Amino acid sequence: MENQAQIFIIGISHTTAPVEIREQVALNTDEQKELIGVLLQQFEIDGCMVISTCNRTEVYISSEDFNNKTEGIRNRLNTFKNCNHFTNPQYAYFLQGTEAIKHFFKVISGMDSLIIGETQITSQVKECYNLAHKVNGTDTWLNKLINYGLQAEKKVRSETFLNNGAVSISYAGVELARKLFNKLETKSALLIGAGETGELAARHFADKGVKNIHIVNRTLKKAVDLAKKFGGNAHPLEELAEILPKVDIVISATSSDTFVVTKQIMQTVVKQRQNTPLFLIDLAIPRDIDPQISSLNGIFLYNIDNLHQIVQMNIEKRKSEIPKSIKIIDNFVVEFYKWISTNSIAYYIIKIRNHFEKLRQAELKRLKKRLPENGFGEIDYLTQSIVNKIIHQHIVSLKNSVGDPTRYQQHIDFVNNLYQLEEKK
Amino acid sequence: MKLFSYVLNFLIPLLYLALVYVYYTLFSGKKKRLLKKTTPMLILLILIHLTEIITRHLVLNTMPLSTTHDAFSFLAFAILLVYAIIELSLNNRASGIFILAFAFLISLIASFFPSWESETNELLLKSSFALHASMAIIGYTALSLSAIYALMYIIQNRNMKKLKFGLMFTQLPALNYLETMSIRSVLIGIILLGLGILHGHFQAKELLGEFWPVDIKVIVMDIVWLVYFCSYLLMRLKKWGGLWMAYLSLSGFFILVVGGILTIYITESFHKFY
């Protein structure tokens, strides 16, 4: 196993660069494979993984020595993508050690995403890792990093509300509807208008199990075309009043200048529905549904501002969960360091032991001629015992500092300086 | 044994309060990790409360529902038990704060009546009394739950109508779920309380020789049951909406509680036959 390896990241993300830059540095799967191969070969690094999504391109590298490699890698990335963004401090960032690990845990948990708490990033990271693994790009450190990252992500999702609540207007409609009907699978929906906005909202409802979807449009052909997509029924606008009593959910998004659903129509509908609740979302501007109908019994009407209010509330809620999530992630960073340290301890113990053993052997060799032959075995045993006792103190001290990365590093530095271990390597 | 039961009598309301606090923290969205811990806590409290009921039964050597304390204590226990079943079967904890807060109040009332004398009334010493009392108490439990669901329905309906998308809106279940649970509980309550009342009348006929004994509790309960029954029938026939039904359920429960408290103060025991 490699020792003293460090993880570092060179990246460009939505936090540092606009979309025009991000799209220039994005890497498809073939490019990712090629880049991993190039970096592994050219820079003698131990592991490499590339995360490339629409919001970020990050290169994760594990290597024993990175100080004299980073510039070379950044330049190589520039050459690879034919740009100069990876050396531009305005767009590109370089993270190492604890910072890099913490950043990765934040990325995989969705905390560093454009939409805080989004879950898609986790599967994207997994895919990138699998790709790197396939081309032998991952080493023990990166394998362990993803392992701890997934554990951190799971804990963040299960113990915080970071990914709760809709954060898009169209999905907020579904969330609201679920506060009226707990099972959408048994409900039927009506889409008024065959435009893109309505279609997107209707798609969310269909995804949540709403099977019976009616589409009403002024131009019947458009309604028919859209109905085919949902496996629903198309109707001309004139049939609106007949369909309204039969459905549970209404999504309206037309470009009409006047109300399509008036209070007059709804008064009749309410009577026909006999207190069965009706959920309506008006996504149109100017509005399609007369707001006065919300005073009618069993009518639940929401417009685009109301949905926006829900989205804002959910975003705020997610933001408020960040400190809690950071705490979880910090614990995992410590755990990861403990693992690194535990693995490094063995390396240093061997180094220290070798150091003392060499000293012991040299002294024994020097004194061998002057010592009586029959007493040499006892002296050999005695020196061995003294060396073991000295090494034992180091083992105890190193193990005690494992939980504290700073203290551990100080200890390692001290031992290194004292016995000149690295120079001898 | 008596000391142990005495300690439990005061400990149980505190444990209910602690559980209510746990559900409050969940409701306020503060500690998501508590989600997995509520069921063991519920089971533990069920076992402790059951121990209290059994201990009292052994100490007093009488039917477990024969005193005011026992009746209220059993009512709190039944609410807790029913809620545990709801939580386990539907995996929904949002109603916990409401239902358990109510159970806490009932257990608190029970702890104010720590009677150590068992009922001596001949009717209450009959073993079949347990059946009558059990059905009546489970009936009360169902009606209490219906009222709690109705209250949640009213709150959530208001949130949705007035666009109040705060904590209550987020945490409370869907309106039609609350409506279904409230109506279902009312139906169970009407059936079980009805059977309990009917059984009680037959017992009175057998022991006292009259089907309608002059007892304030019997009169109040008969009226309350009739109100519930007629409301339910009307709701079904007239297809009243969830909001109407919620108000009816709450009103019925109000009459039930007021009637219950009045009878406790008017009569010296759980039943007073003249």
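Since the model is a prediction, treat every value here as computed from it, not as a measurement. We use all heavy atoms of the structure for the numbers below, so side chains are in, but hydrogens, waters and symmetry mates are not. A note on names: the letters A, B, ... follow the listed sequences, proteins ahead of strands, and every chain is numbered from 1.
A side-chain N or O of A:Glu118 and one of A:Ser113 form a donor-acceptor pair less than 3.5 Å apart. In the model, B:Ser107 has no side-chain atom that pairs as donor or acceptor with a side-chain atom of B:His49 under 3.5 Å. A donor-acceptor contact under 3.5 angstrom links the side chains of B:Glu87 and B:Tyr23, judged on distance only.
Using a cut-off of 4.0 Å between Lys/Arg side-chain N and Asp/Glu carboxylate O, A:Glu175 and A:Lys179 are scored as not salt-bridged.
There is no contact between B:Glu179 and chain A, counting heavy-atom distances below 4.5 Å. Using a 4.5 Å cut-off between heavy atoms, A:Glu321 contacts chain B through its side chain alone, with no backbone atom that close. Residue contact with chain A, scored on non-hydrogen atoms closer than 4.5 Å, is absent for B:Thr180. Using a 4.5 Å cut-off between heavy atoms, A:Ser320 does not touch chain B at all. For a residue to count as touching a neighbouring chain, one of its non-hydrogen atoms must lie under 4.5 Å from one of that chain's; by this rule A:Gln309 touches chain B with the side chain only. B:Leu178 does not touch chain A: none of its heavy atoms, backbone or side chain, sits under 4.5 Å away. Contact annotation for A:Lys317: only side-chain heavy atoms (C-beta onward) come within less than 4.5 Å of a heavy atom of chain B.
Most heavy-atom pairs under 4.5 Å with chain B, from the set A:Leu301, A:Ile299, A:Asn314: that is A:Ile299. Of the listed residues (B:Lys238, B:Gln156, B:Met160), the one with the most heavy-atom contacts under 4.5 Å to chain A is B:Met160.
Residue B:Ile154 holds its CD1 atom at 12.0 Å from CG of B:Asn159, rounded to the nearest 0.5 Å.
A cation-pi contact, defined as under 6.0 Å to the ring centre and within 45° of the axis, is absent between B:Lys164 and B:Phe169.
Remark: A:Arg203 CZ is packed, more than 12 non-hydrogen atoms of other residues, nucleotides or ligands lying under 6.0 Å away.
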